[in-house]
2 protein chains.
Amino acid sequence: MCATPLSRQEVACDHCGMFGLCEEAGLSRDMALLERVVHRRTALARRATLFHAGDPFRCLYAVKSGALAAVSGGGQGDGKILGFYFPGDILGLDALESDRYPTTVMALEKSVICRLEYGSVPLLGAHQAGFYQQLIRAMSRQLMAERWTSLLLGTQSTEQRMAAFVLFLSLQLKRRGLPYLEFRMPMTRRDIGDYLGMAMETVSRAISALQKRGFVVLQGRNTKISNLEGLREMAAITSQLPDQ
Amino acid sequence: MCATPLSRQEVACDHCGMFGLCEEAGLSRDMALLERVVHRRTALARRATLFHAGDPFRCLYAVKSGALAAVSGGGQGDGKILGFYFPGDILGLDALESDRYPTTVMALEKSVICRLEYGSVPLLGAHQAGFYQQLIRAMSRQLMAERWTSLLLGTQSTEQRMAAFVLFLSLQLKRRGLPYLEFRMPMTRRDIGDYLGMAMETVSRAISALQKRGFVVLQGRNTKISNLEGLREMAAITSQLPDQ
DNA sequence: CGGCCGTTTGAATTTGGTCAAATCTCGTGG
DNA sequence: CCACGAGATTTGACCAAATTCAAACGGCCG
């Protein structure tokens, strides 16, 4: 009842990172054309991989619901987690230049995605220009997100890193107009550790510390931010990049 | 005699990240038009800032020679270093979406840059499409670079991080066809530390350790990789992203 | 109900940060 | 051309913080 699960929430097309492409630019009136480019709403099971590092690039993907992670190296277990993706995010942007996906992408939980055949974009004809504009904006957004990640990883103490991470998740939700003070984290403690560069046990300890301070309440993956300002202060870093 | 200084090297326009725009697409024949969009070869003194975090976005910049760094927060001293930029790289891509530069960019040494007025791109008329295509490729490349950074920061031991960092620099040079086994690092030990998330002293110790292993020879900023394979093994991480 | 996975907590150990001091480098001005 | 001095680099000693190893606890699914 409490937290709106990050998991179950699905972004509406007009909030989807896929350029607002689907509903926009009159394309919704031309479903036949649209469907030759975008394959909508494919389901993905927990821990299933969408593509592997090194695979040839064909498609961009938009996350409709669920959560995914980009991991370095082959696939499961070993590799470091390089980023998380939530509803509205676009996957595969880093493959455009090299024609190969540089990372493996795995679903953290049951997820739904839309697939866009990049090679079919010319079919959009006059809509191409708008598409590229949207793509550029999406990539710029993605660059900002990566910046955020670097900042997270660079912060000194593990407790500060953890505080920044919770804020990070919260902002992701806020940006999409979802509840952002009470939500469910879709990843395991180990995943968080792989992402933040600390041991799973340290993640657990950092969370406990934040609870003792009264900044958050965490039961398993159910998360409640009880002192947003306190969190912000602790992760002083956060204020160094614009909110969005 | 020994190392080709990373500093002095200037990329030719046709290897420049500014989309190959200047020499390509017949624009070189229309210099009048070109010069209304691109201002070429502006010098920048050591430690001078190109723009500050929060400044309104107007221009993209291409690095012709020298080296620059993106730092979080106001400007000097305090902030964390989020990335380095070398000849051929483009600056400001992360500002397209939010219309503000999210970081401060500072020259690590005397540098030369070209400025592109983003608002003037429509002046390019028919060349716009090609421009956007090039821009998308540049952004994808930048995304890859950020990935690399995350990987660097996530690596466990400081010695591994340092090894990965040297390889990172080496790859930057190799990609541009410059000598990549013997070169000059343009940044201070402190800069490296701010980037890798470790104390300046630790950087120094990590370098010493790599020398004792016979992987590199470093005198001040003059760098020589004497055992590339060894370095690669140590920074096992490195192999997890494609070379380029 | 039992087993399995994920999480939490404890204790010992290692790593890296901090403080301090010596040495080195390079640009500047005499 | 050389001496000087500020800033950069290296090295050592000590200490705080995080990893590792180990074990207990919890919830969820079969």
### Query
Which part of the nucleic acid, if any, lies within contact of G193(A), taking any heavy atom under 4.0 Å across all strands shown: a base, the sugar-phosphate backbone alone, or nothing?
nothing

### Query
How is S204(B) classified with respect to the nucleic acid when contacts are heavy atoms under 4.0 Å: base, sugar-phosphate, or nothing?
base

### Task
Apply side-chain contact (heavy atoms from CB on, under 4.5 Å) to the pair D55(B) and R100(B), showing each step before the final yes or no.
CA-CA 6 Å; D55(B) 284 356; R100(B) 299 198 167 273; 5.9 Å; no

### Message
In this structure, how many angstroms lie between the C1' atom of dC24(C) and the CG atom of L218(B), rounded?
### Response
15 Å

### Task
Output yes when R176(A) and D89(A) qualify as a salt bridge under the 4.0 Å nitrogen-oxygen rule, no when they do not.
yes

### Message
In whole Å, I'd like the distance from the CD atom of Q156(B) to the C1' atom of dT15(C).
### Response
12 Å

### Query
Please give, in whole Å, the distance from dT19(D) P to E159(A) CD?
14 Å

#### Entry: E201(A) side-chain proximity, nearest of dG17(C), dA22(D), dT7(C)
dA22(D)

### Query
Sub-3.5 Å donor-acceptor pair from the side chain of T188(A) to the main-chain atoms of D191(A), do we have one?
yes

### Summary
Closest to the side chain of T188(A), out of dT9(D), dG12(D), dT7(C), is dT7(C)

### Summary
Rounded to whole Å, the CZ-P distance (R205(B) to dG17(C)) equals 9 Å

### Query
From dA8(D), dA18(D), dG6(C), pick the nucleotide closest to the side chain of S157(A)?
dA18(D)

### Task
Looking only at side-chain atoms of R221(B), point me to the closest of dA8(D), dT18(C), dT19(D).
dA8(D)

### Task
Write down the distance between CE (M200(B)) and P (dA8(D)), rounded to a whole number of angstrom.
9 Å

### Message
Taking the ring centre of each residue, are F165(A) and Y195(A) less than 6.0 Å apart?
### Response
yes

### Message
Is it true that, when you exclude E229(A) itself, more than 12 heavy atoms of the residues, nucleotides or ligands shown sit nearer than 6.0 Å to its CD?
### Response
yes

### Task
Identify which nucleotide among dT20(D), dT7(C), dG17(C) has an atom closest to any side-chain atom of M198(B), counting heavy atoms from C-beta outward.
dG17(C)

### Task
Decide yes or no, distance alone: a donor-acceptor N/O pair under 3.5 angstrom between the base of dT8(C) and the side-chain of R190(A).
no

### Summary
Looking only at dT18(C), dT19(D), dG16(C), the nucleotide nearest the T158(B) side chain is dG16(C)

### Message
Under 4.0 Å, heavy atoms only, any strand: does R161(A) hit a base, just the sugar-phosphate, or nothing?
### Response
nothing

### Query
Within the pair S208(A) and dT9(C), is there a side-chain N or O less than 4.0 Å away from OP1 or OP2?
yes

#### Entry: For atom CZ of R46(B) and atom P of dA6(D), their distance in whole Å
17 Å

### Message
Check this for me, if you would: do E159(B) and R213(B) make a salt bridge, where the nitrogen-to-carboxylate-oxygen distance has to be below 4.0 angstrom?
### Response
yes

### Query
Where the side chain of R189(A) is concerned, which of dG12(D), dC19(C), dT7(C) is the nearest nucleotide?
dT7(C)

### Task
Rounded to the nearest angstrom, tell me the gap between atom CD in Q219(B) and atom P in dT25(C).
8 Å

### Query
Atom CG of N222(A) to atom P of dG26(D): distance rounded to whole Å?
17 Å

### Message
Checking contacts here: which listed nucleotide (dG16(C), dG12(D), dT9(D)) is nearest the side-chain heavy atoms of T202(B)?
### Response
dG16(C)

